[in-house]
Amino acid sequence: MKLSWFPLILPALLFTAPLGAQNAAPRPPGGRITNAGVARANRAVDSVFIIRKLSGDTIEIGDFAGYLLARLGVPPFGDSLNFVVTSDTVRVRITGRLMDFPLEARAELGPIFTFIDSTSVFSVDISMPQFSDRLMRFRLERATVRGIPIPDMLLTPALDEYARRYPVLAGGGRELLVEMPPGATARLLANGIAIYLPVKR
């Protein structure tokens, strides 16, 4: 089944979309979503959770966002993604411009795009309220355009539909659950995520 970009991006950490040749404003510091980053994150996750070669590792937050998108089924993307991914110890933030969304996503989000300039900057804040007991739980806390929160009357119907269409999402489309091995934990850092699993001796 072909998965749409936006339902994976908005509630899961992970927003991403191709960026064409445009006059871009200066970008804030932070991670990017790239195929090379997906490979780096995959090696780190395998080393800790699968092969158990390491008891822990730290993954750059943009790399981890790309890794989650790849795990969810997003096709390989050209390394021209311009959304910025940052994090601190309590939340992940993804920032970009509305014009960076693909046309398919714009059609799905018609009410949000209709009356807003496509160069407007949006951001999404995502928390990780659960990071043990075999789950990482990522939750969409708010989405803003020009610093103004998108009203629930526009956001909630779209999230409800995505939750119906994509069972991987929970909490009415606002949450992504990521399974971990027994005994594993994770925590957000400044522009990264640390994963742990004690190595059996």
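Along the sequence shown, residues carry numbers from 1.
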Indicate every side-chain donor-acceptor pair of residues 151-160 with a distance under 3.5 Å to a residue at least two apart or in another chain.
unit_1, atom_1, unit_2, atom_2, d
Asp152, OD1, Arg174, NH2, 3.4
Thr156, OG1, Asp152, O, 3.1

Task: Ile59 vs Ile195 side-chain heavy atoms within contact, under 4.5 Å - done: yes
Task: Test side-chain contact (heavy atoms from CB on, under 4.5 Å) applied to Ala184 - qualifying residues, sequence neighbours left out - done: Phe49, Met180, Pro181, Leu197
Task: Check: Pro198 main-chain N/O paired with Ser55 side-chain donor or acceptor under 3.5 Å - done: no
Task: Minimum side-chain heavy-atom gap Met136-Gln130 below 4.5 Å - done: no
Task: Residue list, side chain to side chain donor-acceptor pair (under 3.5 Å) with Thr58, at least two apart or on another chain - done: none
- [ ] Starting at CG of Leu140, measure out to CD1 of Ile126 and round the result to the nearest 0.5 Å.
- [x] 6.5 Å
- [ ] Would you give the length of the straight line joining atom OG of Ser120 to atom CD1 of Ile148, rounded to the nearest 0.5 angstrom?
- [x] 9.0 Å
TODO: Any chance you could pull the hydrophobic cluster mates of Tyr196, using side-chain heavy atoms under 4.5 angstrom and chaining through other members?
DONE: none
Open item on the list: Applying side-chain contact (heavy atoms from CB on, under 4.5 Å) to Arg137 and Met128, what does each step give before you reach the verdict?
Closed with: CA-CA 5 Å; Arg137 182 186 303 270; Met128 190 171 71; 5.8 Å; no
TODO: List in chain and number order the residues that pass side-chain contact (heavy atoms from CB on, under 4.5 Å) with Ser47, two or more places apart in sequence or in another chain; answer none if no residue qualifies.
DONE: Leu54
Task: Leu188 side chain near Val92 side chain, heavy-atom distance below 4.5 Å - done: yes
- [ ] Could you walk me through whether Phe138 and Phe131 pass ring-ring contact (aromatic ring centres under 6.0 Å, His included), step by step?
- [x] CA-CA 9 Å; Phe138 295 97; Phe131 44 84; over 10 Å; no
TODO: Answer whether the closest heavy-atom distance between the side chains of Tyr67 and Val45 falls below 4.5 Å.
DONE: yes
Task: Contacts of type side chain to side chain donor-acceptor pair (under 3.5 Å), residue Ser127, not counting sequence neighbours - done: Glu141
- [ ] Work out which heavy atom in Gly192 is nearest to a heavy atom in Ser87; give both atom names and the distance.
- [x] N-OG, 3.0 Å
Open item on the list: Grouping I, L, V, M, F, W and Y whenever their side-chain heavy atoms are under 4.5 Å apart, do Val145 and Val85 come out in a common cluster?
Closed with: yes
TODO: Just grab all the salt bridge (charged side-chain N to carboxylate O under 4.0 Å, His left out) pairs involving residues 38-61, residues at least two apart or on different chains.
DONE: Arg40-Asp63
Open item on the list: Are the side chains of Ile150 and Thr144 in contact, using a 4.5 Å heavy-atom criterion?
Closed with: no
Open item on the list: So, using salt bridge (Lys or Arg N to Asp or Glu O under 4.0 Å) as the criterion, who are the partners of Asp88 when residues are at least two apart?
Closed with: Arg91
Task: Exercise: do Thr86 and Arg93 side chains pair donor with acceptor under 3.5 Å - done: no
TODO: Return each pair, listed once, that meets salt bridge (charged side-chain N to carboxylate O under 4.0 Å, His left out) where at least one residue sits in residues 179-197; pairs must be two or more places apart or across chains.
DONE: Arg134-Glu179
Task: With sequence neighbours excluded, residues passing side-chain contact (heavy atoms from CB on, under 4.5 Å) with Thr119 - done: Met99, Asp117
- [ ] Please identify each residue that fulfils side chain to side chain donor-acceptor pair (under 3.5 Å) with Ser132, with sequence neighbours left out.
- [x] none
TODO: For Val121, check side-chain contact (heavy atoms from CB on, under 4.5 Å) against everything at least two apart and list the hits.
DONE: Thr95, Arg97
